[in-house]
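First up is the structure itself, then whatever we jot down about it.
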Amino acid sequence: MRGILKSMYITMSAMLRKPVTINYPSYHREVPQRDRGLPILLWDKEVDEPFCTGCHACERACPVECMTVTMKDNPLHADEKSTRRKIIDEFWIDYGRCMRCNICVEVCNFEAIAMNNTWAGHELSTFDRNDLVLDLDQLLAQHKQEKIDEWVAD
Amino acid sequence: MEVSGEVTEEAAPAQTPVEDAPPAVVPPSERPETGREREQLLLTPVEVDHGKAVYREALPGILQIPADAALALARKSSLWPMQFGLACCAIEMIATYMSHYDLDRFGIFPQASPRQSDVMIIAGTVTKKMAPAVKLLYEQMPNPKWVISMGACATNGGPYTRYDRVLQGVDKIIPVDVYVPGCPPRPEALIDGFIALQHKIMEERGKG
Amino acid sequence: MLTLTYDVGNIWLDALLGVLAIVGLMTVGTLALIWLERKVSARIQMRLGPMHVGPYGLLQTLADAVKLIGKEDIRPRNADRWIFELAPFAVFVPVFVALVALPFTRDWAVSFLDLGVFFVVAVTGLSFVGFLMAGWASDNKYALLGGLRAAAQLISYEVPLVLSLIAVSMIVGSLSLSEIVIYQGRVPLFVWQPLAFFIFFVAALAELERQPFDIPTAESEVVGGPFIEYSGIRWSMFFLASYTGLIVYSMLGALVFLGGWDWPLGRELGLWWQLVLIVAKTGFLILLFMWIRFAMPRLRIDQLMSYCWKVLIPLAFLQIFLNGLVLVYDWPDIMLLITSGAGLLLAGYVIDRAVRVEPRTLRLVPAGRRAKPAPAGAESGGT
Amino acid sequence: MVQEQQIDTVDINVNMGPQHPSTHGVFRMVLTIDGERVIDVEPHIGYMHRGAEKLSETMDYRAAIGYQDRTDYLTQFMNEQAYCMAVEKLLELEVPERAEYIRVILCELNRISSHFMFLGAFGIDLGHFGTSFTYGFREREHIQDIFEETTGERMMYGYFRPGGLVWDVPDNFVQRVREVLPKSLQGLRDIDMLMTENEIVAARSRGIGIMSAEDAINWGLSGPMLRAAGVPWDLRKDKPYSIYDRFEYDVPVGRHGDVFDRYLVRIEEVRQSIRIVEQALDQLPDGPIMPEKMPRRLRGPEGEVYAAVEGARGEYGIYLVSKGGDKPYRLKMRSPSFCNLSALREMTVGNYVADAVAILGSIDIVLCCVDR
Amino acid sequence: MQALLDNYVAVLLASVIGSILVASALITSRLLAPYSTSKQKRISYECGMLPAAGPARSQIHIRYYLFAILFLIFDVEAVFLFPWAVTFLDVGKAAFYEMVIFIVVLGAGLAYAWKKGVLQWK
Amino acid sequence: MTVAQIIFYLIAALAVGGALGVVLARNAVYAALFLILALLAVAGVYILLGSEFLALVQVLIYAGAITVLLLFALMLTRTTDVAESMTGAQWPLAVVVSMLLGGLLIVTVTTSDWPGDADGTITRILFEDLGAALFTQWAVPFEIASLVLFVALVGAIVIAREEEGE
Amino acid sequence: MEAVTQQIPLEHFLALSAILFSLGIYGVLTRRNAVLILMSVELMLNAASINMVAFAAYASPELFTGMIFAIFIITVAAAEVGLALAIILRVYRNRGTANVDEVSDLKW
Ligand code: SF4
Ligand code: SF4
Ligand code: SF4
């Protein structure tokens with residue numbers, strides 16, 4: 001009997017406490033700085049070009065093989081505006097497959113890729129799974145618009 | 001009358017107790033021989049039949065619009081998912097039902113039996129052994145029904161995409177309405193998926 | 001001013017109006033109760049509950065209902081067509097009919113039956129047929145198991161329910177619900193009959209198949225029991241029946257034990273007060289049912305059965321015997337309270353003895369090894 | 001036509017799972033029941049077999065961390081710990097003090113969160129309408145917040161690396177953990193009040209699914225299952241790894257070996273874990289989190305190693321065979337869920353259907369860990 | 001009598017209207033809900049598997065029957081108790097003891113069942 | 001027609017329909033459900049005869065308790081699916097016999113002169129009086145009923161339980 | 001006690017009872033399954049009860065005999081059904097059938 005009364009008591013006391021629910025779509029709580037959304041590419045604002053040189057390191061290291069990278073000669077380098085000789089030509093990441101393991105960020109020598117730590121890195125539901133394959137422009141868009149709070153590992 | 005041994009033999013084919021058998025009641029003689037063909041059969045997509053509602057033919061067009069709208073509004077406000085977790089994503093799915101995220105706010109309330117559910121959340125890896133069950137469960141849901149593919153595994157195999165026994169995306173067997181990326185997606189991402197689904201229901205009202 | 005009393009004179013019309021009023025009441029009541037239950041459960045679990053459909057989710061159940069109407073209705077291949085389709089009727093109609101006999105206020109009930117109490121238990125006792133039909137027809141082992149469990153549970157707990165009501169009617173000397181209420185003008189019967197009230201409450205809990213007695217529909221065992229194969233609106237009929245049952249039993253409890261529309265404000269008060277009282281008392285019992293639902297795990301079938309037959313039924317007989325003794329020998333009224341209270345205490349003691357569990361302790365083993373001190377540099381503290 | 005002669009056959013075969021609210025994932029049992037009694041159980045596994053071992057062999061030592069997280073997805077840190085310990089043994093890496101401490105803190109927090117999951121799910125198995133589950137998850141969520149702030153992920157942390165950690169913990173880590181520990185205690189108290197003394201819980205869970213100490217050892221059980229059976233075996237004490245020998249804590253051991261004892265053992269383990277975390281927080285040193293000289297690419301010598309940790313479900317071990325190169329030649333996981341599950345039939349037969357659910361729940365399996 | 005009939009007319013009407021209520025809900029649903037003719041859909045649910053071997057409507061256990069018998073006997077007893085409860089004071093002590101004997105006899109039945117282990121749901 | 005007449009014909013139709021279902025249904029469970037219908041209709045007849053107590057007893061015992069026994073027994077003996085063995089071959093004979101009997105009864109009933117008013121005046125029997133009579137005049141049969149029930153209970157337990165085979 | 005005129009002649013009730021009774025006879029004669037025979041017997045018992053109650057109501061309302069008989073009929077029917085079904089179950093368990101033709105000998 002006592003145990004049953006105890007159960008009743010604790011449920012009643014929980015009822016009188018404040019609910020812990022976060023009212024999500026109306027209230028976005030802050031994501032922690034280290035949040036690992038999905039990977040995005042960073043934009044070198046000084047030179048106005050991506051940091052990425054298309055070195056394939058991330059592509060090779062990715063455990064699930066969800067990236068595709070091609071590189072090209074950097075036109076800005078020819079104009080002496082940039083120190084990068086090669087630059088990324090096309091870059092696809094399949095967000096539908098990425099397991100957000102952070103390996104690509106760790107292997108990149110140019111700090112050109114980072115995990116999105118905003119809500120934009122999470123609210124990505126789509127109706128078609130091909131929409132989850134993002135191309136270079138889409139990958140760069142977040143950082144270009146300065147929506148991203150940079151947190152680079154190490 | 002004697003206690004006959006054939007009783008069980010006669011009763012058996014109708015029941016098809018073999019666990020790996022395709023859900024379609026295929027007589028044993030027509031079953032494919034080799035393992036590969038058999039697997040193909042298991043993995044054929046379901047025939048989607050969204051069914052027809054009588055009112056769509058009977059009601060005059062002018063009345064259909066409010067009926068559609070009312071139904072769509074009700075449907076989007078009361079999406080009952082099936083209690084069905086597969087792998088790691090299931091934990092995040094459960095977390096979404098729980099106090100901190102509380103899917104019940106949107107009227108999303110899990111149901112144990114597919115007969116009473118509207119949405120199937122594929123939360124996790126679908127292996128080829130599991131695929132027939134997923135298909136059968138999908139079929140057993142009453143129309144109208146939707147599927148949310150939660151996480152990388154359900155979307156296209158995710159981390160396990162290189163392994164042979166893992167299905168390369170659940171849309172190979174059942175139609176998927178919303179894909180939620182992530183491994184696992186945050187609870188908020190799942191809620192976002194539900195909101196997307198609600199939009200889709202409103203947009204697609206009156207079709208089919 | 002609301003006039004619930006009418007006198008049309010034509011008995012068909014009269015009855016029709018009454019029944020229609022009950023239909024409205026039941027529909028609104030069920031919708032509200034489902035919403036309430038979701039909210040209560042949410043608060044107990046520190047959630048918010050339905051919020052986004054209508055203000056505070058008030059329209060949630062309405063949306064659910066409309067959606068269920070728009071759902072396909074499936075009948076399993078091997079199911080028995082007629083029984084499968086008629087089972088919702090068999091579950092719903094008895095509970096609904098029971099509403100007819102409940103007096104909502106002094107002057108208004110659809111029908112004031114002389115044998116009201118008897119009528120309510122006799123009629124609600126029929127609903128096991130529906131569960132059995134659903135379970136048997138569905139061609140599903142879980143459903144069959146659930147249907148049988150439901151039938152066994154419903155019939156077993158009907159006995160203590162009936163006996164506890166008999167104990168009460170012994171005191172009042174009538175089976176009419178309004179007379180029972182009027183008898184309680186000063187002191188409600190739960191004061192005189194705590195034991196009977198306890199038995200009634202537990203038995204009602206079991207008849208309603210709510211935790212801790214929700215064995216027939218246990219999700220983690222039989223996945224919804226007899227209703228497992230039902231979909232769409234047909235399934236919602238079972239739901240409707242279950243919540244109507246909640247109203248019926250709570251109101252019965254409020255009328256018989258809590259003094260109905262009479263106590264403590266007296267019968268001179270207006271219609272509105274009577275309504276307020278009855279709603280408040282019914283609501284109190286309903287909230288109690290809900291609260292228990294979310295605080296208890298469920299019993300096992302054998303425990304459920306032995307609880308009924310070995311505890312509740314002997315206790316109910318005891319209560320009847322005690323009442324008889326007090327009344328026949330014309331002892332003062334207070335003896336009712338004393339004997340029944342003593343009975344309840346005895347019951348509490350017996351139950352407690354029976355279910356008392358020794359608090360268990362674990363052995364805490366430091367596993368022989370003492371903890372080594374941390375190396376010298378390690379104490380220097382955190383970041 | 002079904003004939004009426006089969007007089008004695010009152011047994012029904014019932015499938016439970018793969019989709020069943022109480023099988024904790026895609027586990028399937030075929031129960032043979034007579035009335036309400038279980039007279040035979042046939043477990044079917046393999047619905048979640050997705051080749052984690054094989055896939056881990058195809059990638060280098062660092063990338064495979066992700067797959068360790070996903071095997072037992074409730075005790076990710078412990079899996080990572082076991083894997084990293086194996087690789088460290090193979091490569092003879094020395095883990096810095098600070099990294100060890102952080103690992104211990106995170107592992108113990110992880111044990112707490114995993115046990116909360118169990119405590120909640122156990123209530124569901126006994127028939128709670130979600131109340132215990134929500135209480136359990138409420139506390140899990142607080143711990144997960146810490147994990148998220150530390151690692152950036154809510155579930156698949158990928159935070160340990162052979163040799164140490166990826167990053168240092170954030171500045172306010174200690175303070176945050178100290179904030180959360182009382183909350184966990186409070187949540188534990190809620191669940192404790194809700195279930196431990198409740199007579200119905202006692203009636204439902206005492207005396208069923210009993211495993212004697214010898215049986216438990218013979219079946220190869222480990223973790224809370226074994227300890228509830230009365231065997232004080234805890235790898236942290238009996239084969240100390242990492243720095244567990246520096247902390248003072250007790251190993252709870254049951255006396256009856258039934259379902260209720262398993263529940264009690266887990267409740268007590270949460271308390272002990274909190275003790276460990278507090279001690280570790282006090283002692284947490286400054287310093288690097290990776291060895292000074294880390295090779296950029298990990299290449300292992302030939303050899304084989306086995307490293308095991310005391311996971312929340314029991315001994316979680318990694319057996320690594322290397323033939324040189326940057327990938328293991330063979331990787332085998334000793335998963336506690338699988339071994340514990342093997343005793344299911346032994347415990348279930350002869351009980352009620354409802355008990356079968358509770359017994360299965362008390363094993364606390366994780367299907368990805370069973371099938372890998 | 002007329003009052004009696006009045007009251008029970010409402011009961012009759014309530015059962016009819018209750019049935020109509022259910023039926024109309026079903027009909028509305030038939031109009032509004034989509035219908036498909038998939039065969040797979042109508043396989044009975046068994047946790048995602050095809051139903052395991054053996055007929056679903058198999059024999060139940062004798063225990064259910066024994067509980068039903070107990071219920072029947074005690075229900076009959078309740079039927080006698082109802083008029084008794086209302087009238088025993090008018091009839092006097094004799095009625096009380098009659099009922100006590102009645103209950104004791106049936107209580108003996110319950111005790112017998114108890115002793116025989118019928119109440120033990122094995 | 002008065003209200004009572006309408007109701008009477010309605011209920012009589014239900015009762016006869018239910019009874020027909022009981023004897024004709026191919027499926028034993030259907031027969032049991034028809035039996036419930038017939039029994040409920042008979043309860044209605046009792047109400048028309050002015051005895052609501054009896055009607056409720058009918059509902060509680062017959063429709064509630066006895067049918068649950070029948071249903072359980074049907075499920076226990078698994079005779080539900082067996083259509084052939086339900087109806088024997090002598091049905092023509094049975095038709096003749098029962099028609100003859102029914103005809104005879106009805107003719108007797110309609111041609112005889114019964115007591116009571118022709119316009120159907122009945123007396124409502126008060127529940128309290130019934131109870132009083134039961135516990136005074138009928139006290140002995142009442143006690144015997146308890147013995148009957150006791151014997152039935154014990155007998156049923158002995159008979160049905162033995163083969164559980166402890 | 002109040003007397004009411006409801007314009008249903010006694011014959012109507014008796015006729016209803018006769019119909020039910022003969023249907024019961026038909027069922028007993030045609031059905032081979034013991035449980036179903038029992039159901040038909042119940043029909044006949046009910047017919048008898050209707051008769052009694054009707055006579056009581058019309059002819060001798062002051063005696064209650066018919067009513068009380070009906071109650072006892074129901075009581076006895078309950079006992080009878082309980083026992084009969086137990087026997088049927090017993091036979092079924094031993095003989096594997098509930099068909100009366102096959103159980104015509106009393107020897108097991
Ligand atoms: S986060 Fe991991 S899985 Fe995703 S793209 Fe980078 S390396 Fe690949
Ligand atoms: S992101 Fe970094 S590693 Fe990947 S291709 Fe670009 S520069 Fe190379
Ligand atoms: S997507 Fe990731 S978290 Fe989800 S099931 Fe697959 S591996 Fe697990």
Side-chain angles (χ1 to χ4, degrees), chain B residues 11 14-15 23 25 49-56 66-80 82-84 96-119 137 139-145 191 194-195 198 201 205-206, chain C residues 34-35 37-39 41-54 56-78 138-140 142-143 146 217-236 238-239:
Chain B
Q15 302 281 344
V25 185
D49 177 3
H50 283 306
K52 278 211 161 50
V54 179
Y55 83 99
R56 300 212 62 80
D68 287 342
L71 276 179
L73 261 176
R75 280 171 186 159
K76 85 161 221 229
S77 315
S78 137
L79 290 167
W80 289 353
M82 198 190 327
Q83 251 181 38
F84 180 38
T96 322
Y97 291 125
M98 294 298 154
S99 313
H100 272 74
Y101 302 99
D102 192 14
L103 272 178
D104 199 14
R105 283 179 296 139
F106 304 89
I108 297 167
F109 186 70
Q111 293 290 327
S113 161
R115 302 287 190 199
Q116 290 123 35
S117 33
D118 315 301
V119 192
L137 286 171
E139 295 252 25
Q140 282 173 339
M141 281 162 58
N143 283 326
K145 53 192 170 187
I191 297 181
F194 268 108
I195 294 171
Q198 292 183 340
I201 292 170
R205 63 171 183 263
Chain C
I34 296 175
W35 175 83
E37 177 134 46
R38 281 171 86 162
K39 277 293 192 192
S41 82
R43 289 313 295 257
I44 283 181
Q45 300 168 356
M46 296 173 77
R47 299 185 281 125
L48 286 174
M51 288 297 283
H52 285 248
V53 188
Y56 297 99
L58 273 171
L59 299 181
Q60 183 60 55
T61 20
L62 194 64
D64 287 345
V66 175
K67 177 208 76 175
L68 283 167
I69 288 181
K71 282 297 266 187
E72 188 178 3
D73 183 12
I74 301 172
R75 178 162 41 81
R77 194 174 42 191
N78 295 337
S138 292
D139 183 43
N140 183 310
Y142 290 118
T217 53
E219 282 207 344
S220 61
E221 292 156 33
V222 289
V223 213
F227 325 137
I228 187 170
E229 291 286 0
Y230 284 84
S231 63
I233 196 72
R234 217 180 277 280
W235 174 78
S236 74
F238 291 111
F239 223 62

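Every chain is numbered from 1 and lettered A, B, ... according to where its sequence line falls, protein lines coming before strand lines.
Without hydrogens or angle criteria, C:Lys67 side chain to C:Ala63 main chain gives no donor-acceptor distance under 3.5 Å. Within the 3.5 Å criterion, the main-chain N or O of B:Gln116 finds no donor-acceptor partner in the side chain of C:Ser231. C:Glu72 places no side-chain N or O within donor-acceptor distance of the main-chain N or O of B:Pro142, the cut-off being under 3.5 Å. Of the possible donor and acceptor atoms, one in the side chain of B:Gln198 sits under 3.5 Å from a partner among the backbone N and O of B:Lys76.
In terms of heavy-atom pairs under 4.5 angstrom with chain B, the leader among C:Thr61, C:Asp64, C:Val66 is C:Asp64. When B:Leu103, B:Ile108, B:Leu79, B:Asn143 are compared by the number of non-hydrogen pairs under 4.5 Å with chain C, B:Asn143 comes out ahead. Chain C forms the most heavy-atom pairs under 4.5 Å with one residue out of B:Arg75, B:Met98, B:Met141, and that residue is B:Arg75. Highest contact tally toward chain B, considering only C:Ile74, C:Val53, C:Leu62, is held by C:Ile74 [criterion: heavy-atom pairs under 4.5 Å]. Chosen from B:Asp118, B:Leu73, B:Leu71, the residue pairing most often with chain C at heavy-atom distances under 4.5 Å is B:Asp118.
For the pair C:Lys71 and C:Trp235, the cation-pi criterion (under 6.0 Å, within 45° of the ring axis) is not fulfilled.
With a 4.5 Å cut-off on non-hydrogen atoms, C:Leu48 touches chain B through its backbone and its side chain both. Only the side chain of C:Leu68 comes within less than 4.5 Å of a heavy atom of chain B; its backbone N, CA, C and O stay farther away. Heavy atoms of C:Gln60 lying under 4.5 Å from chain B belong exclusively to its side chain.
With sequence neighbours excluded, the residues forming a side-chain hydrogen bond (donor to acceptor under 3.5 Å, both in side chains) with B:Asp104 are C:Arg38, C:Arg47, listed by chain and number.
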